[in-house]
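Worksheet for the structure shown next.
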Amino acid sequence: MQVETAGVISLSPLGEATGLYHLVLTAPQIAKESGPGQFVMVRCADEQSLDPLLLRPLNIFRYHPAAGRIEIIFRVVGRGTDWLARRRPGDSLSLLGPLGRGFSSLEKYHRILLFAGGTGMPALFGLVEQEGKVGSSTEHNQEFVLLYGARTKEELVFLDLWQAAGVKVLTATDDGSAGFHGTVTGAAEAMRISPGEFDFYCACGPRPMLQAVQELMAKYGIPGELCLEEAMACGIGACMGCVCETVHGYRRVCTDGPVFPAGEVKFS
Amino acid sequence: MQVETAGVISLSPLGEATGLYHLVLTAPQIAKESGPGQFVMVRCADEQSLDPLLLRPLNIFRYHPAAGRIEIIFRVVGRGTDWLARRRPGDSLSLLGPLGRGFSSLEKYHRILLFAGGTGMPALFGLVEQEGKVGSSTEHNQEFVLLYGARTKEELVFLDLWQAAGVKVLTATDDGSAGFHGTVTGAAEAMRISPGEFDFYCACGPRPMLQAVQELMAKYGIPGELCLEEAMACGIGACMGCVCETVHGYRRVCTDGPVFPAGEVKFS
Amino acid sequence: MTTASSLETRVGRVTLKNPVLVASGTFGFAREYERLFPISALGGVMVTGITLEPRAGNPPPRLMETPAGLLNSIGLENPGVHKFIEEELPRLRDLGTEIIVNISGFSLDEYGRLAEILDKETGLAALEVNISCPNVKKGGMTFGVHPESAAAVTRMVRQSTSLPVWVKLSPNVTDIVEIAQAVVDAGADALTLINTLSGMAIDPEKRRPVLGNVFGGLSGPAVKPVALRMIWQVYQAVTVPLVGMGGIINYRDALEFIMAGATAVAIGTGLFLDPFSPLKVIEGLQGFLAKNPEETIRDLIGAAHCSP
Amino acid sequence: MTTASSLETRVGRVTLKNPVLVASGTFGFAREYERLFPISALGGVMVTGITLEPRAGNPPPRLMETPAGLLNSIGLENPGVHKFIEEELPRLRDLGTEIIVNISGFSLDEYGRLAEILDKETGLAALEVNISCPNVKKGGMTFGVHPESAAAVTRMVRQSTSLPVWVKLSPNVTDIVEIAQAVVDAGADALTLINTLSGMAIDPEKRRPVLGNVFGGLSGPAVKPVALRMIWQVYQAVTVPLVGMGGIINYRDALEFIMAGATAVAIGTGLFLDPFSPLKVIEGLQGFLAKNPEETIRDLIGAAHCSP
Ligand SMILES: Cc1cc2nc3c(=O)[nH]c(=O)nc-3n(C[C@H](O)[C@H](O)[C@H](O)COP(=O)(O)OP(=O)(O)OC[C@H]3O[C@@H](n4cnc5c(N)ncnc54)[C@H](O)[C@@H]3O)c2cc1C
Ligand SMILES: Cc1cc2nc3c(=O)[nH]c(=O)nc-3n(C[C@H](O)[C@H](O)[C@H](O)COP(=O)(O)OP(=O)(O)OC[C@H]3O[C@@H](n4cnc5c(N)ncnc54)[C@H](O)[C@@H]3O)c2cc1C
Ligand SMILES: Cc1cc2nc3c(=O)[nH]c(=O)nc-3n(C[C@H](O)[C@H](O)[C@H](O)COP(=O)(O)O)c2cc1C
Ligand SMILES: Cc1cc2nc3c(=O)[nH]c(=O)nc-3n(C[C@H](O)[C@H](O)[C@H](O)COP(=O)(O)O)c2cc1C
Ligand code: FES
Ligand code: FES
């Protein structure tokens with residue numbers, strides 16, 4: 001974990017009116033230390049401006065330790081991400097990271113189901129890419145199936161990258177414009193998963209999706225991990241601001257998470 | 001007076017380390033209504049950012065009613081002007097203006113002394129350019145002498161423009177790097193003005209300079225006008241925030257001024 | 001369907017065409033903003049604080065921008081009630097919106113006389129009683145910070161006029177609810193809140209306070225969380241309508257105040273960052289209501305208090 | 001010449017190598033920031049609020065960013081004083097900076113017992129008494145908003161420890177000077193101020209308060225003008241040293257507090273926008289002092305009170 005001044009290499013909108021952007025940064029230190037499911041905090045304001053005040057947490061989509069780069073996918077939802085979307089190549093950004101307890105090693109699992117909802121997708125890609133880490137999916141003889149949900153077809157981004165990584169991709173959209181017409185859990189039910197077909201799952205997306213995924217997978221008896229979001233201030237575990245309720249009491253999403261074993265997080 | 005969305009045509013730094021910038025904007029409505037000594041209020045923050053909060057008052061350096069353009073010279077002193085200095089051609093700015101009671105008509109005067117200090121200079125140029133207004137200096141057979149002071153040579157900008165407008169320019173610098181080594185009032189004293197040599201003066205610059213100019217000109221018995229600065233909120237006379245003390249009591253710099261007859265403003 | 005009447009709201013006896021007012025002291029006597037937009041578009045105008053005698057106000061500098069906020073120490077510069085009636089009121093009456101006159105006194109008597117004098121005038125919707133003024137007879141503590149003196153001012157104004165009496169609360173108090181209750185018991189028809197938070201700034205180069213008056217009142221987005229909390233608390237304690245203000249910039253801010261319990265809202269500092277902000281807030285509220293055709297603005301008042 | 005000792009300052013009996021502390025609740029037990037910079041660079045660490053029993057804290061969401069500010073409703077989540085002594089204190093003692101322990105009680109008794117327990121420990125510079133806690137025996141009003149209860153807490157702690165007692169004032173009061181005087185008369189060695197301003201936020205889509213606890217404490221640059229005003233007023237009324245906080249981000253903010261009367265300052269929310277901000281403030285102060293070789297930070301304390 002460190003504060004690093006990152007350089008913007010590229011920033012590209014994804015699709016027409018999705019509000020999604022793809023950001024590529026030089027950040028050698030952070031790239032070196034990153035693992036799947038970790039995130040960075042990014043200052044999203046002019047140096048002298050105090051509004052917005054806080055850093056914004058964003059998942060690390062890809063990290064390239066050798067090239068000293070990281071990639072981020074973000075959606076413009078407010079003033080911080082709006083500011084970020086107006087950066088240009090050559091600009092610098094202040095980053096704190098990598099942060100959080102990411103996904104556990106998947107070494108011992110073979111058939112893994114991934115659930116991605118919207119901007120939860122980037123948190124999962126490190127699991128199949130794992131650049132610079134011990135093993136890659138093929139080496140371990142692992143099979144991944146990604147269930148990727150979004151509001152509409154245009155918001156399903158980087159499908160090619162997932163496919164190139166050897167992942168079977170199933171999509172779901174709220175409006176039916178691509179894949180299953182409905183939620184990712186709807187799509188999972190439609191798959192009629194047979195006992196033993198999957199031995200683990202990882203999920204990242206909005207809370208209602210995570211709750212539904214957790215319930216469904218519990219029914220099938222498949223263990224897994226969930227990656228959460230919560231408003232953050234320090235991002236490093238000091239302020240106790242980002243807690244979620246778990247079976248062990250309140251836990252900090254920024255340091256005890258953002259990834260929690262399925263069954264621990266109490267929804268509602 | 002109106003709110004107008006202006007387009008940035010160009011923004012250029014003036015000199016190396018002066019912190020001064022020259023901004024050219026399309027703002028047809030404001031250009032049409034402007035007069036010498038008037039100013040605009042500029043929002044200097046991202047649309048969604050609330051810091052800095054208030055609009056920044058900046059003098060209109062030149063206005064071109066036919067071309068629908070205005071020009072501004074500003075110095076980066078804080079977060080608002082810092083933001084402004086990072087605009088690029090094609091960006092838009094939100095402007096309120098033209099504002100204030102500018103300089104009176106100089107029609108009846110013939111030999112006019114102008115005192116400019118630092119970023120007070122732009123307020124005066126309209127007096128000799130007066131584009132689109134009834135008369136120009138030559139038509140009226142007027143003579144202008146500009147005493148232009150700054151910290152150092154580099155900060156004396158657009159001297160050529162003044163000279164091209166037929167104005168005799170004398171400079172003064174704090175560090176002696178150009179012209180008189182000292183203040184504009186020092187330079188004026190060094191000129192040994194003879195009785196009747198000038199029949200009016202106009203001054204714009206920092207308060208201590210205006211005070212010194214007013215005192216000196218009073219000694220010579222020359223009438224004139226001073227253009228003031230004060231922190232502003234509304235810029236249009238509603239909030240009573242920008243007052244200065246005058247012989248008539250408190251007066252609003254934004255609407256009763258920024259130009260006041262010499263002798264009215266109480267300094268100290 | 002969202003009609004104009006979806007935005008109509010009632011502050012006691014006063015019907016407003018929409019819930020968006022402009023806050024006292026920030027809009028002058030509407031002379032200036034009139035040049036930018038039709039004042040009749042507003043729910044109402046709260047005119048600059050009027051005193052019995054003309055006042056020169058505080059020495060400059062009177063303004064200091066702070067992070068997302070504004071400190072002011074205007075000191076109630078105004079022409080006095082008589083000149084106000086002569087020179088401003090006739091014009092204000094014809095603006096096509098509700099006119100609320102903000103009054104400030106430095107003794108109980110002054111409040112009473114102001115109310116009496118204004119009672120004789122037509123075209124006023126209500127008096128807004130600024131109780132954040134220093135009580136010259138009681139060593140300068142402001143009336144608004146103690147329930148007894150706040151109630152005394154309210155009673156005095158109540159007795160001196162048949163106009164609706166809106167009392168404007170100071171946020172610089174330990175217990176806003178206690179003050180609100182005292183003032184309502186004393187006869188206030190509505191409460192307006194919040195006035196500015198007491199604050200200051202120092203110039204580290206000059207090593208002196210920035211404001212000529214040392215202290216100033218903090219307004220703008222910076223104070224919004226405090227204002228909302230007070231509206232919320234007061235809404236739970238009294239039944240009179242509340243006019244909410246403090247940092248409202250856009251329609252979402254206005255919604256927060258309304259859902260916390262405000263019947264109407266006022267914009268002050270927001271005007272300085274965009275003179276059209278009141279009109280944009282009105283539009284924004286209309287847009288929000290348009291999403292749910294059954295609903296009017298009145299249905300949203302205090303909506304955040306009930307569980308979903 | 002500016003030497004390290006130009007920055008040395010004394011809060012009563014406690015000598016700080018520089019006037020820059022980190023504020024309670026924002027720095028945990030220094031475990032996390034330790035990974036980013038050497039804690040020994042700081043003037044001191046005010047550790048997270050400790051209670052007698054472990055506390056789970058308030059339900060989430062606990063944070064909401066506001067314009068130039070932050071609302072939090074952590075609710076004093078902490079492991080309790082015994083676990084604190086066992087698991088955190090040994091490490092804290094060795095950090096090479098002054099350790100100030102922030103204590104919170106829900107009854108007078110609890111404050112007394114906390115002070116007694118901590119009195120037996122070595123390596124503590126002072127106790128910081130958070131009097132902004134609800135008094136469970138008195139229907140939940142916080143101790144810090146009335147002079148009597150604030151004084152009672154101070155006396156209780158004073159009697160229970162020989163450590164320096166710093167009392168942390170709540171800004172949610174009508175008259176901060178009255179509280180400050182009561183607390184000093186009751187034996188406080190220093191005052192720290194301000195704690196957070198009570199505030200809230202509403203989510204207009206959900207039509208519900210954002211924070212799980214409805215109300216939260218506002219901190220950050222938004223509150224700086226209020227904090228400065230209170231330091232200024234208290235400095236004029238009492239002679240004990242003041243530790244100033246509330247919205248300090250850079251060295252110029254720190255200078256404002258020092259010139260208003262603070263002997264030292266603390267940074268809380270500023271850490272969240274730049275974890276290195278305390279170090280940058282220290283550097284900035286050093287740079288400011290370097291301009292005038294005769295001057296030390298001690299010469300600047302209260303400097304804005306005297307005319308130039
Ligand atoms: C660990 C973590 C990883 C994340 N990774 C990504 C990512 O890879 N890509 C991405 O696009 N987003 C990600 N987010 C969400 C992202 O942090 C928020 O969208 C961002 O902070 C919003 O900032 P803003 O200033 O644009 O919006 P604001 O102006 O702060 O808020 C605008 C709207 O967004 C909502 N919002 C604010 N904060 C959050 C939040 N933390 N989560 C969800 N909604 C929020 C607000 O309620 C409001 O409705 C992540 C969040 C966390 C906690
Ligand atoms: C009528 C008028 C016309 C002006 N015309 C010009 C112009 O043509 N060119 C130009 O460069 N500047 C001009 N100014 C000054 C300009 O408005 C300020 O420099 C600007 O507002 C500073 O904004 P900021 O956010 O960059 O600085 P801030 O962050 O607000 O402040 C930085 C520093 O500047 C000082 N400052 C803030 N406001 C003012 C002010 N109004 N006057 C002087 N110092 C201030 C502060 O005290 C602080 O020390 C004019 C001011 C007025 C009132
Ligand atoms: C420049 C200025 C002048 C003000 N003058 C008055 C006044 O005369 N009387 C009054 O009751 N409130 C006055 N106020 C307070 C505002 O009416 C309002 O209560 C406060 O500013 C909070 O709202 P805002 O954040 O939208 O500005 C003034 C505020 C400002 C900024
Ligand atoms: C997340 C958070 C937690 C806090 N916890 C405590 C606490 O436990 N005890 C306490 O006395 N103050 C607590 N405070 C208040 C701060 O110590 C400080 O007084 C306040 O935030 C103002 O300073 P700032 O604006 O620099 O943050 C907390 C503040 C924040 C933001
Ligand atoms: S954000 Fe501070 S503990 Fe998680
Ligand atoms: S800035 Fe409002 S009256 Fe001049």
Honestly, the part of B:Arg56 sitting under 4.5 Å from a heavy atom of chain C is side chain
Applying a strict 4.5 Å limit to non-hydrogen atoms, the region of C:Pro275 in contact with chain B is side chain
Worksheet entry | Validation row: B:Cys239, C:Asn72 side chains within 4.5 angstrom (heavy atoms) | no
Whatever's closer than 4.5 Å to a heavy atom in chain B on C:Phe37 counts as neither
Looking only at B:Leu55, B:Leu96, B:Asp51, B:Val243, most heavy-atom pairs under 4.5 Å shared with chain C are made by B:Val243
If one checks every heavy atom of B:Met41 against chain C at 4.5 Å, the contacting part turns out to be neither
- Looking only at side chains, do B:Ser177 and B:Thr152 share a donor and an acceptor under 3.5 Å apart? yes
Applying a strict 4.5 Å limit to non-hydrogen atoms, the region of C:Ser73 in contact with chain B is neither
The interface call for C:Asn250 against chain B, heavy-atom contacts under 4.5 Å, is neither
Just by distance, with hydrogens left out, do C:Asn78 and C:Thr48 show a side-chain donor and acceptor under 3.5 Å apart? no
Taking the side chain as C-beta and beyond, is there a heavy-atom pair between C:Trp166 and C:Met46 under 4.5 Å? yes
Cut-off 4.5 Å, heavy atoms of chain B, and the answer for C:Leu273 is both
- Item | Close side-chain approach of C:Val47 and C:Glu88, heavy atoms under 4.5 Å | no
Q.
How about CZ on B:Arg69, more than 12 heavy atoms from neighbouring residues, nucleotides or ligands closer than 6.0 Å, or not?
A. no
Highest number of heavy-atom pairs under 4.5 Å with chain C among B:Pro52, B:Gly249, B:Ala45 belongs to B:Pro52
